Novice: 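The following block contains the structure, expressed as structure tokens.
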Amino acid sequence: MDNKGAFLRPCTDLLALCDCNNFFVSCERLFRPDLEGRPVVVLSSNDGVVISRSNEVKALGVKMGEPYFKVRSFLEMHGTTVFSSNFKLYEEISSRVMASLRRAVPSMEVYSIDEAFLETPPEGKSAPEEWARGLRGTILRETGIPLSIGMAPTKTAAKLAAERAKKHPGAGGAFALLPGKPWDDFLRDIPVGDIWGIGRRWSDFLKKRGVSTALRLRDSSDDWLDRRMGVRGLRTAWELRGIRCYPIERLEKPQKSIQSSRSFSSPVRDRESLLEAVTEYAMIAGRRLRSQNSLAGSLAVSIRTNRFKESFFRAEQEIIFQTPTDSDIRLIRAAADALFSIYREGHDYEKASVWLGRLSCAGMVQLGLFGDEGEEDRGAALSRAADRLNGEAGRRLLAPAALLGEKAWRPRRDRDSGLTLEDLGKLPVIAEEPPPRQNLQ
DNA sequence: TCTGGGGTCCTAGGACCC
DNA sequence: TCTGGGGTCCTAGGACCC
């Protein structure tokens, strides 16, 4: 292959990655300032695994994704405060953080619930780190959420810079890799597996071939990268050379698929309980579908037993809609049909999922040959009315009778802080940075 | 006893067509 | 003996991310 990189010049512009520190833990601490400086974790749905750790817990060696039952007594021993996750709350806090950021920059891309790529404003270009520290202070003041900012010409380098900002006590929460300056000393210390886009499999592959650091990856030949890793490997290496391959996506794109799934609090054997669960998941997915103004062309249901047991059983069925839909009635009916076609008696089911696929934009529908458009209109209108009512009430008022009441399949959340969006409204505006303390990483 | 949920992109290989 | 070749579309599965 030719040296494709020869056509591209290193980028001289700076972008900034803002990454909220220990985001879910930070959210819970907003309401519990007494937990500042103390070990805290947030658990996944069903209190299954650890998904957010305070610095104190990271220092204890507890890993991301660790099953809770394995570390429970260890965490207790160290006086850790444990929370079930409260995603509604985290999403709301996230949108406040994003709104604060948006006021500070010309444009940005919300990358995840706790990260955003920012275009650097003119005032940030002359003294990037100083500007970033100021921004960090602003966000902390306005939302109470601490974050780290990495600046670099490319996203991949900015991710590494943010990691350094987070871990380096002297960085003040910001670190910049400037264009035109040598990054060699910095990249030499980065294990190849810490690079954005290099997961466990690529990391093992690269290390076996002597490419163990970010510097080595950057300096690998384009030909080798292309042959052994394909376009993803090439782009990653170029980004480490300062050549921008992933631009800031300023426009929010609608999702291409929507999934709703939960693990059950205890195994489920009977078809009726599974039907209740997939009905609920279809409605959750339907609400998200309508909120982004899309129609689903297909719906798939999958059910499975405990994947860590030898008797593991899994089944999946996809239903293609004749005409794309956003009507709960049709989604639920399809979910039931799919479920009944795959359900087998005698298994301890642990989880069910509903996927919506082949999404299209509402308003660009092609009418089906054997249209049931009349029913379609009624079903969709009904679903939107329910969205509106439920949205105004802030909780679910309209739901099938079968979903009312306590259900054994609903996920466990024994450590729920019980906070609601109303509590968020009562929160005093936080003005001060927490007192400095020893960095425990 | 107990092991999350929600996404995206890339690639290889088969089907199909001319 | 010899059994085309190339393009496009689609899908499943892998790998990665937070």
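Source: prediction; values computed, not measured. Here is how names work: the chains are called A, B, and so on, in the same order as the sequence lines, proteins then strands, and each is numbered from 1.
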Novice: Could you list the residues that satisfy side chain to side chain contact (heavy atoms under 4.5 Å, CB included) with A:Ser383, not counting sequence neighbours?
Specialist: A:Arg290, A:Ser327, A:Asp328
Novice: Counting only heavy atoms and a strict 4.0 angstrom limit, can you tell me which residues of residues 296-303 of chain A come near DNA chain B?
Specialist: none
Novice: Want to know the stems of DNA chain B: at least 3 consecutive Watson-Crick or G-U pairs with distances under 3.5 Å, which are they?
Specialist: B:5-18 with C:5-18
Novice: For A:Asp337, give me all partners under salt bridge (charged side-chain N to carboxylate O under 4.0 Å, His left out), at least two apart in sequence or on another chain.
Specialist: none
Novice: Holding to salt bridge (charged side-chain N to carboxylate O under 4.0 Å, His left out), I want the full list of residues that pass it with A:Arg304, two or more places apart in sequence or in another chain.
Specialist: A:Glu350
Novice: By the salt bridge (Lys or Arg N to Asp or Glu O under 4.0 Å) test, which pairs, at least two apart or in different chains, include something from residues 246-257 of chain A?
Specialist: A:Glu119-A:Arg250, A:Glu249-A:Lys253
Novice: Testing the basics here: between A:Leu225 and A:Ser220, what is the closest heavy-atom pair and its distance to 0.1 Å?
Specialist: CD1-O, 3.7 Å
Novice: For residues 82-116 of chain A, which residue pairs pass the ring pair (Phe, Tyr, Trp, His ring centres under 6.0 Å) check, not counting sequence neighbours?
Specialist: A:Phe24-A:Phe87, A:Phe24-A:Tyr90, A:Phe87-A:Tyr90, A:Tyr111-A:Phe117, A:Tyr111-A:Trp196
Novice: Strictly by salt bridge (Lys or Arg N to Asp or Glu O under 4.0 Å), give each pair with a member in residues 190-212 of chain A just once, sequence neighbours left out.
Specialist: none
Novice: Rounded at 0.5 Å granularity, tell me how far CD1 in A:Ile93 sits from CG in A:Leu427.
Specialist: 7.5 Å
Novice: What integer number of Å spans the C1' atoms of B:dC16 and C:dG4?
Specialist: 15 Å
Novice: Test of understanding: with side chain to side chain contact (heavy atoms under 4.5 Å, CB included), list the residues that count as partners of A:Asp189, not counting sequence neighbours.
Specialist: none
Novice: Produce a footprint string for nucleotides 10-18 of chain C: one letter per nucleotide, 5' end first; B if the base is under 4.0 Å from any protein heavy atom, S if only the sugar-phosphate is, - if neither.
Specialist: -S---SSSS
Novice: Determine the contact category for A:Arg413: base if any of its heavy atoms lies under 4.0 Å from a base atom, sugar-phosphate if only primed atoms, P, OP1 or OP2 are that close, otherwise nothing.
Specialist: nothing
Novice: Cut-off 3.5 Å, side chains only: do A:Ser112 and A:Asp114 have a donor facing an acceptor?
Specialist: yes
Novice: Measure the spacing between CZ of A:Arg358 and CG of A:Leu299 and express it to the nearest 0.5 Å.
Specialist: 11.5 Å
Novice: Ion pair present between A:Arg314 and A:Glu316, side-chain N to carboxylate O less than 4.0 angstrom?
Specialist: yes
Novice: Pick out the pairs of N or O atoms, protein on one side and nucleotides 1-7 of chain B on the other, that lie under 3.5 Å.
Specialist:
{"residue": "B:dT3", "atom": "OP1", "partner": "A:Glu350", "partner atom": "OE2", "Å": "3.3"}
{"residue": "B:dG4", "atom": "OP1", "partner": "A:Arg307", "partner atom": "NH1", "Å": "3.2"}
{"residue": "B:dG4", "atom": "OP2", "partner": "A:Arg307", "partner atom": "NH2", "Å": "2.4"}
{"residue": "B:dG4", "atom": "O4'", "partner": "A:Ser44", "partner atom": "OG", "Å": "2.7"}
{"residue": "B:dG5", "atom": "OP1", "partner": "A:Ser263", "partner atom": "N", "Å": "2.4"}
{"residue": "B:dG5", "atom": "OP2", "partner": "A:Ser263", "partner atom": "OG", "Å": "3.0"}
{"residue": "B:dG5", "atom": "OP2", "partner": "A:Lys351", "partner atom": "NZ", "Å": "3.0"}
{"residue": "B:dG6", "atom": "OP1", "partner": "A:Arg262", "partner atom": "NH1", "Å": "2.9"}
{"residue": "B:dG6", "atom": "OP2", "partner": "A:Ser261", "partner atom": "N", "Å": "2.6"}
{"residue": "B:dG6", "atom": "OP2", "partner": "A:Ser261", "partner atom": "O", "Å": "3.1"}
{"residue": "B:dG6", "atom": "OP2", "partner": "A:Ser261", "partner atom": "OG", "Å": "2.7"}
{"residue": "B:dG7", "atom": "OP1", "partner": "A:Gln255", "partner atom": "NE2", "Å": "2.8"}
{"residue": "B:dG7", "atom": "OP1", "partner": "A:Arg288", "partner atom": "NE", "Å": "3.4"}
{"residue": "B:dG7", "atom": "OP1", "partner": "A:Arg288", "partner atom": "NH2", "Å": "3.4"}
{"residue": "B:dG7", "atom": "OP2", "partner": "A:Gln259", "partner atom": "N", "Å": "2.6"}
{"residue": "B:dG7", "atom": "O5'", "partner": "A:Gln255", "partner atom": "NE2", "Å": "2.9"}

Novice: Does anything in residues 302-322 of chain A pair up under ring pair (Phe, Tyr, Trp, His ring centres under 6.0 Å), and if so which pairs, sequence neighbours excluded?
Specialist: A:Phe313-A:His347
